[in-house]
There are 2 protein chains.
Amino acid sequence: MDAISDEAGAKRARGLDRAFEILDFLRQKRQALKPNEIAAQIGAPRSSVYELVNLLLRNGILEFSGGEGRVYLGRKLYFLGAAYENHFDFTRECEAALDWLADETRETAQFCMLDGNKYTVVRMREGARPFRISTDIGQSVPIPWTASGRLLVAHMSDEEILAFIPPQDFRLPDGKWLDSAQFLAEVRRADADGFFTFNSIVDSFTHCFAVPVMGEEGHAAATLCLVAPRADGLANRERYLDCLKAAAARLGQAPTGAKRVLA
Amino acid sequence: MDAISDEAGAKRARGLDRAFEILDFLRQKRQALKPNEIAAQIGAPRSSVYELVNLLLRNGILEFSGGEGRVYLGRKLYFLGAAYENHFDFTRECEAALDWLADETRETAQFCMLDGNKYTVVRMREGARPFRISTDIGQSVPIPWTASGRLLVAHMSDEEILAFIPPQDFRLPDGKWLDSAQFLAEVRRADADGFFTFNSIVDSFTHCFAVPVMGEEGHAAATLCLVAPRADGLANRERYLDCLKAAAARLGQAPTGAKRVLA
DNA sequence: CGTCTTTGTCCAATATAATGTACATATGAT
DNA sequence: ATCATATGTACATTATATTGGACAAAGACG
């Protein structure tokens, strides 16, 4: 499934990799599945999947859900995820930033990150527009399809970027292929400018704005984005960018392990 | 680590179990650790831990954090946890219920679940009291120490319960041992009553109220709790219980007929 | 009634993952 | 300098985890 992992030769897969492949698959499907279905759809031996599923069930990583022996992601994952969220503590400030952005611009505001070699929307505020413009939260989207994508890979070299992004992800939703050289050029420009904007590739009526949120490694750990109707986006371009930059500046470069003890 | 799994004989541990042991350990420690430290503290071979950590890093399950090669839970776990939360979608209603409870009673309100064979507070609203009564969110607490614990294991047989709860968890914070027979009797009473209340075992000045939130399997999937000063709790006992039951009824699964929370 | 598909369990074979050990480097104490 | 500790890497060994395939029960369908 992942372009990173298995190739051609029918090698044995490591249990851990298979396990996380199962978890990712369930997340992508967003529904409980029978072990059999999982095995068939990810192309793994049934016996292996059954064994792994049982193991994960015992650990609380998976849970029975939906009856008929179907399984889905388990409570333990929720706890682990909550611990992550708590540790890096971007959530609260993130929500505040999105609220402020949505309030200030009336457009859809998003907080986005990389999930492996895909782009994903982590949090979102719907704008006050009469029509909804939204990618679903948690869905994996090819990096080249998004404005944020340019910023999220900007710390890599050209070679690293091309090795990182699956080649098929340069195929746009309309079937056309995005030239990788053009993409790389846009990455470099975005990095130099500190933002990236374009008419959305995914639809034909929105303009997207993205600015980086700097993490502790000194590069973009996430992005803040606005998705606006095209005319509107072009008309308010400077103001929107200023809003985004202000919000990102407040969010970024948080003190590393900052633990706040509340009184 | 888990009382369930390995004991005695120095057997080889399975990679997956070790991996999740590492994840749980990091969650418990709530800080980034070096692989070396992890290995030493969980009593695992260093070479194994190094291999697993690298594997988990490649999968985004762990991340470098805090420098010096330290690692902590990774973003992928956040995504998986978010998918779980989204699927079972208890969060939004849960927050509303806690808000309502805190508003109605002015006491600390908690939403609690089992994490493996421990009790844990998943969400909480601080009460309006001048002093704080709080278990930290996400901390694992022995089941017998809590009022909720009685309800969360009530669907098991006596034997299952005793096999499920680690024996040392019957040792209370003050060093005394809780008689398991007494605990089982309390479990049965709580199940019959549809609630459990007692003077906290953990401290000496609070009274705890717990009611079950019924899940799709027909037993308590979680609990709603109030933690009140003793005098206050006793004075408002009936009203607090009514509030809790009302909130839990709205939260829980519509009873399918088998088991029923008595009003 | 057969026949096919779906689902789950069981088991032997072997590729390999977990481990112990040795090695390399840095840091700090004496 | 010398010793001790902490940290990370490399590799051979062997216990075992992964896998394919056999087996069986339970529909679905004609």
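Throughout, a chain's letter reflects where its sequence line sits, starting with A, and its residues are numbered from 1.
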Result for 5'-nearest mapping on DNA chain C, choosing between G15(B) and R70(A), is R70(A)

Using a 4.0 Å heavy-atom cut-off across all strands, classify E51(A) as base, sugar-phosphate, or nothing. base

What's R14(A) touching, base or sugar-phosphate or nothing? Going by heavy atoms closer than 4.0 Å. sugar-phosphate

Given atom [atom1] of [X] and atom [atom2] of [N], what is their separation to the nearest angstrom?
X      : N       : atom1 : atom2 : answer
N54(A) : dG8(C)  : CG    : C1'   : 10 Å
L16(B) : dT18(D) : CG    : P     : 7 Å
R12(B) : dA17(D) : CZ    : C1'   : 10 Å
Y50(B) : dT21(C) : OH    : P     : 18 Å
L55(B) : dT9(D)  : CG    : C1'   : 16 Å
L33(A) : dG8(C)  : CG    : P     : 11 Å
L52(A) : dA17(C) : CG    : C1'   : 14 Å
I38(B) : dA18(C) : CD1   : P     : 16 Å

So, S65(A) and E63(A): side-chain donor and acceptor under 3.5 Å apart, yes or no? no

Around atom CZ of R70(A), are there more than 12 heavy atoms from other residues, nucleotides or ligands closer than 6.0 Å? yes

My understanding is that only one of F90(A), F79(A), F88(A) makes a ring pair (Phe, Tyr, Trp, His ring centres under 6.0 Å) with Y78(B); could you say which? F90(A)

Counting only side-chain nitrogens and oxygens, does S47(B) get under 4.0 Å of the OP1 or OP2 atom of dG20(C)? no

It should be established whether R46(A) places a side-chain nitrogen or oxygen under 4.0 Å from OP1 or OP2 of nucleotide dG21(D). no

E95(A) and R123(A) ion-paired at < 4.0 Å: yes

